[in-house]
A.B. asks: 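To start, I am sharing the structure in question, which I have written as structure tokens.
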Amino acid sequence: MEKPVNLNRFRKDKARAEKKARADQNAVKFGQSKVQKDADKAETARITRLFDGHKQDRDT
């Protein structure tokens, strides 16, 4: 005879696996790596500095 199966545990394990698969798909679809995020932040900071350096003080 085989060992009895706990159906609650089976159901929860299946739900966890489905949730993990969905999370992995979303990470591939929408996610960015930390390197990409840091590069975007650095580029934004560079552009901000560039524009701030070209601002003119206008006394009217």
A.B. asks: Applying side-chain hydrogen bond (donor to acceptor under 3.5 Å, both in side chains), can you list everything that pairs with Gln25, at least two apart in sequence or on another chain?
C.D. replies: none

A.B. asks: Could you tell me which residues satisfy side-chain hydrogen bond (donor to acceptor under 3.5 Å, both in side chains) with Asp24, sequence neighbours excluded, listed by chain and number?
C.D. replies: Lys20

A.B. asks: Any chance you could measure Asn6, atom CG, to Lys12, atom NZ, to the nearest 0.5 Å?
C.D. replies: 8.5 Å

A.B. asks: Quick check for you: to the nearest 0.5 Å, what is the distance between Leu7 atom CG and Arg9 atom CZ?
C.D. replies: 11.5 Å

A.B. asks: In chain order, what residues pass the side-chain hydrogen bond (donor to acceptor under 3.5 Å, both in side chains) check against Asp40, with sequence neighbours excluded?
C.D. replies: none

A.B. asks: Residues two or more places apart in sequence or in another chain: which of them pass side-chain hydrogen bond (donor to acceptor under 3.5 Å, both in side chains) with Arg49?
C.D. replies: none

A.B. asks: Grab the two heavy atoms, one from His54 and one from Leu50, that are nearest each other, plus how far apart they are.
C.D. replies: ND1-O, 2.7 Å

A.B. asks: Tell me every residue that passes salt bridge (Lys or Arg N to Asp or Glu O under 4.0 Å) with Arg11, counting only those two or more places apart in sequence or in another chain.
C.D. replies: none

A.B. asks: Among residues at least two apart in sequence or on other chains, which ones pass side chain to side chain contact (heavy atoms under 4.5 Å, CB included) with Ser33?
C.D. replies: Val35, Gln36

